[in-house]
Every structure is written in structure tokens, then in C-alpha cells.
Amino acid sequence: MAEQAALPASLDGWLALLEQRHGQRIELGLERVAAVRARMQAESDAVVITVGGTNGKGSCCAMLEGILLASGYRVGCYTSPHLLRYNERVRIDGKDVDDAALVAGFAAVEGARGDTALTYFEHGTLAAWQVFAAARPDVIILEVGLGGRLDAVNVFEPDCALVTSVAMDHMDYLGDTREAIGFEKAGIFRAGRAAVCGDPQPPASLVEHAAAIGAQLWISGRDFGFGGDRLQWGYWRYAQPQREGALVRRGGLAYPALRGANQLLNAAAVITVLECLRDRIPVSMQHVRQGLMLVELPGRFQVQPGRPSVVLDVAHNPQAAGVLADNLGNMGFYPETWAVLGMLADKDVAGVVELMAGRVDHWLLADLPGPRGLSAEALAAKVRAVKEGADIRCFPTPAEAYVAAQKLVAEDDRIVVFGSFLTVSDVLAAIKAARRG
């Protein structure tokens, strides 16, 4: 009882307690989470959509949320990590939940866990579910944290699961081949239920797992897809997966508000999810258009207003860096591009730098905190190994690197901030503070 009496009363107190107990360590496995979830008895009859994949998860969650809200549904959405406030991870009806709801959720998990140890992410995932169970939304969108098969989110049964893409990331946990990673991502699929893959070239392991369990797998480019011109785009799908049945077309769609050519891949996958669930949560194409036009997602090719041009992107692996490089190339001409870069040591830094090297003229490198953070000096060595003679400056924080960039850059130049959620969040906080001050 003494331990119960000592439980935090504030959200900051809870987060500090969980960090002290478990830190940010990753411990894959479902047994502990499933056991605590069963004791919580927090049930929901909402339609559940689980979203996994290497890149594009956040964009797809935001699009799903936007379309469903435009359609008049009550929506709960759980994503991670956050950029500025933990509350960003748990939203109801498009708004971050308040501290009181999260505190109640954390306390409910604590009361149910007994002697079972949970990681920071596991405790937070169960707390989010508790918040949703209390709020009773029509639809719950759950973003996988890492992998899929053994991620805490996978203790909840999805009515439809989406894997956005499969690329090389988190190899220490998921395997060092696309086939191994694809199998882990496919772990969110369920027998007899719709499974959507937004990757036009999925690993065989993902396709084979879906077939083995009897999931109804829809693959981008095979069973659904998109096409368009500079003014609008169109969506198509077959009536059934495996290219069976009549071809269904939806035309006259405005481009998503989220920038980047890759967003049509994401949008087509999202529409397919909603098509698969149309018997339970029907949406009109007008609401699809409205949701896609209004969707916002900080840190994903986010272009700040004003001059010089500032682009914020959480790209932290080669696939995402390749997309970022292409998107930068489509922005038009800028005399010089100044990169503010900070990365974690367990990422493929060389792969990211190689793909961005042709777009960057000056490198402002920053230390990142924590045991996984890479120092600016170590990052500089990796940049020089890829781009000999690169113009490099080192800084203690991404925010300080960004402030320096603002002083060095010409009005017609461009600043691009990327490499990690930590990098973008630190710079975003600095931008917001400057606007307030």
C-alpha cells in the first residue's frame, strides 16, 4: 500500500518514474504485456487498425485519422515517438489527450501489473489503450513502435493491419535482411482479416506469412495503386486481392497536404484499408478528399514559412533519406543547402549520408543525448568518409547548430534538419521558443 500511496500525481512524475525504472530500453516480447492487459479488463468494441512498417507509419496514421474524423467518426490514435510533448502520442478526435487522462491510464496499468516488469513503451502502450477504452471511440489506430510480431501494440487484435514499407532499420532486433525484417513486420497480420502492404516490392517472407495464416493480403501495385498528373490523382483497386474481380477506380483526388511524392504510396494504402473496412466504417470519397487535404504531421518534410527555406524531416535510415533527397530535388533551385544533422549510433549513418551528400553543401553536426546518441565529432568522421573535404562544423546540440545555420545562411538558401526525432524535436522547440520570444 505504501508503494501505491507514493505513485505520482502528475504526468511529468509518471514519465520520470518510468524512465527511472526502465529507461528507454527495448525488450521485445508479448507475454508480459498480454498478462497485464488481461488483468486490466479494459475492453473496447472499436474498429482497430494497426499500422507497422519501416517508414511512412506516422503519415498513414495521420491520413487515416484525418479521413475518419472528416467522416464524423470518433477516433483514438496512438503513435510514437513524440516531438515536443508526451501527450502527442495519444490523441482522441484529433486532439492530444490531457495530462489527467494519461495519469489515470498510467495508474490503471500500475494497478494491474503486480510484479510484472514493463518497459517504458509497454507501460505507455497499455496506458493509451486504457484511455481509449474509457473514451469509447468508434475507431482506434495503433502505430507499431518497432517491428511488429513482438511489439507491445500486437497484443491488440486488429480488424485490418497495414505494413507501409519494409527497409533496413533496427537490424539488431529485427534481423539483417529484408526477408527477416519483413517476417517481423508481417506479424501484425491476422488470419481471415484484411492485410494491406504499401510496399510495391514486399519481401517474400511477408507474402508467404500472410498466405500461411490465411490473411487477405492486398499489395501495392498488384491489387491497388494510383496514377495521376500535376493537378490531380486517381486510385484504383481490384474487387478482391490477387488481381481478382472488377477494377474499381476513384478519380479526381487532390494531392495530400503532406509533402513528398511518396505520400501517394501512403495515401493509396490508406484508402485500401478503408475500402477493406467499408462494411463497418463506411467513408465517402468526398471525406477522403477532405481528410487528405487537411492532414498535418510535424517533422515529415515539414517546410517552415518564410525565408530562408527550412525543411524538417525525421528521416533516420537510408530509405527515408532517399525519399528526403528526392523531395529536396523537387523543391526548385537553392544556391546552397545547409544540413543540421544529428543521428543515433545504431543507425546506418553512412547510408544516410551517401544518399544526402549530393543535396548538401554545408554540414552542421550535433551531439545527440543518451547512450545511443552519436557525438558530432564521430558523425563528422562518418561524413568525411563519404564526402572528402566536406565543409563541417560541430555543435553540442541540434538547436545550437540550427541557430548557427540561421546566421550563416543567405536568404535564398535552404536549411534541412534531419537524422532523428531527437534532432527535429530540439530544433522545433528552438523555433517555437524564438517565435514566443
Side-chain angles (χ1 to χ4, degrees), residues 51-63 79-84 143-146 164-171 174 178 181 198-199 256 258-266 296-304 309-331 334 337-366 368 372-374 376 379 382-383 386-387 390 398 401-402 405 414-428 431:
V51 180
T54 306
N55 297 305
K57 297 190 297 290
S59 295
C60 286
C61 288
M63 289 181 186
T79 59
S80 64
H82 60 278
L83 283 173
L84 298 177
E143 181 187 350
V144 169
L146 190 155
T164 58
S165 64
V166 181
M168 305 299 286
D169 202 3
H170 299 295
M171 283 91 81
L174 305 179
R178 272 190 92 229
I181 294 171
D199 193 320
L258 297 181
R259 297 169 181 254
N262 59 305
Q263 295 300 351
L264 286 189
L265 273 171
N266 293 330
E296 296 180 356
L297 187 63
R300 276 68 162 193
F301 203 66
Q302 179 183 1
V303 181
Q304 296 290 300
S309 181
V310 177
V311 180
L312 302 164
D313 198 298
V314 296
H316 56 266
N317 56 49
Q319 184 190 48
V323 171
L324 173 57
D326 289 343
N327 290 338
L328 291 171
N330 293 330
M331 284 183 71
Y334 292 86
T337 294
W338 300 72
V340 173
L341 175 64
M343 294 194 68
L344 297 177
D346 54 7
K347 299 299 179 181
D348 182 359
V349 179
V352 169
V353 173
E354 285 172 4
L355 287 161
M356 287 292 294
R359 302 290 183 203
V360 175
D361 301 292
H362 310 278
W363 300 83
L364 284 69
L365 309 180
L368 287 189
R372 296 170 61 205
L374 192 64
L379 186 53
K382 293 180 179 289
V383 171
V386 172
K387 193 170 183 178
Y402 175 74
R414 174 173 60 185
I415 300 171
V416 55
V417 180
F418 71 104
S420 172
F421 275 85
L422 295 172
T423 306
V424 172
S425 65
D426 198 45
V427 172
L428 260 181
I431 291 172

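Sequence positions, counted from 1, serve as the residue numbers for this chain.
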Looking at [X] and [Y], what are the two nearest heavy atoms and their distance?
X: S59; Y: N266; answer: CB-ND2, 3.7 Å
X: P398; Y: A366; answer: N-CB, 3.4 Å
X: V340; Y: A401; answer: CG1-CB, 3.8 Å
X: A376; Y: L365; answer: CB-O, 3.6 Å

> Which of parallel (below 30°), tilted (30 to 60°) and perpendicular (above 60°) describes W338 and H362?
Replying inline: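 Rings of W338 and H362: parallel, as their planes differ by under 30°.
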> Can you name the residues that form a side chain to side chain contact (heavy atoms under 4.5 Å, CB included) with L355, not counting sequence neighbours?
Replying inline: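 Only P318, A321 meet the side chain to side chain contact (heavy atoms under 4.5 Å, CB included) criterion with L355.
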> Among all residues two or more places apart in sequence or in another chain, which pass the side chain to side chain contact (heavy atoms under 4.5 Å, CB included) test with N55?
Replying inline: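 Testing N55 for side chain to side chain contact (heavy atoms under 4.5 Å, CB included), a comparison that skips the adjacent residues, returns S165, N317, Q319, A320.
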Gap separating the [atom1] atom of [X] from the [atom2] atom of [Y], nearest 0.5 angstrom:
X: L83; Y: D426; atom1: CG; atom2: CG; answer: 11.0 Å
X: L379; Y: L341; atom1: CG; atom2: CG; answer: 4.5 Å
X: T79; Y: L297; atom1: OG1; atom2: CG; answer: 8.0 Å
X: D313; Y: R259; atom1: CG; atom2: CZ; answer: 12.0 Å

>> Suppose we screen for salt bridge (charged side-chain N to carboxylate O under 4.0 Å, His left out). Which residues come up paired with K347, at least two apart in sequence or across chains?
In response: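 D169.
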> Mind checking what makes salt bridge (charged side-chain N to carboxylate O under 4.0 Å, His left out) contact with D199, not counting sequence neighbours?
Replying inline: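 If we apply the salt bridge (charged side-chain N to carboxylate O under 4.0 Å, His left out) test to D199, skipping adjacent residues, the hits are R178.
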[X] vs [Y] side-chain heavy atoms within contact, under 4.5 Å:
X: V310; Y: V427; answer: no
X: F418; Y: M356; answer: yes
X: Q302; Y: V424; answer: no
X: V353; Y: K387; answer: no
X: F301; Y: V323; answer: no
X: R300; Y: L258; answer: no

So, using side-chain hydrogen bond (donor to acceptor under 3.5 Å, both in side chains) as the criterion, who are the partners of [X] when residues are at least two apart?
X: S420; result: none
X: S309; result: none
X: W363; result: none
X: E143; result: none

>> Enumerate the salt bridge (charged side-chain N to carboxylate O under 4.0 Å, His left out) contacts for residues 348-366, please, sequence neighbours excluded, ordered by first and then second residue.
In response: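 Residue pairs with at least one partner in residues 348-366: there are none.
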>> Per the side-chain hydrogen bond (donor to acceptor under 3.5 Å, both in side chains) rule, what does the pair list look like for residues 320-331, sequence neighbours excluded?
In response: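 Pairs touching residues 320-331 that pass the test: none.
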>> Using the side chain to side chain contact (heavy atoms under 4.5 Å, CB included) definition, which of the options T423, L374, L368 pairs with L344?
In response: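 Among T423, L374, L368, the one meeting side chain to side chain contact (heavy atoms under 4.5 Å, CB included) with L344 is L368.
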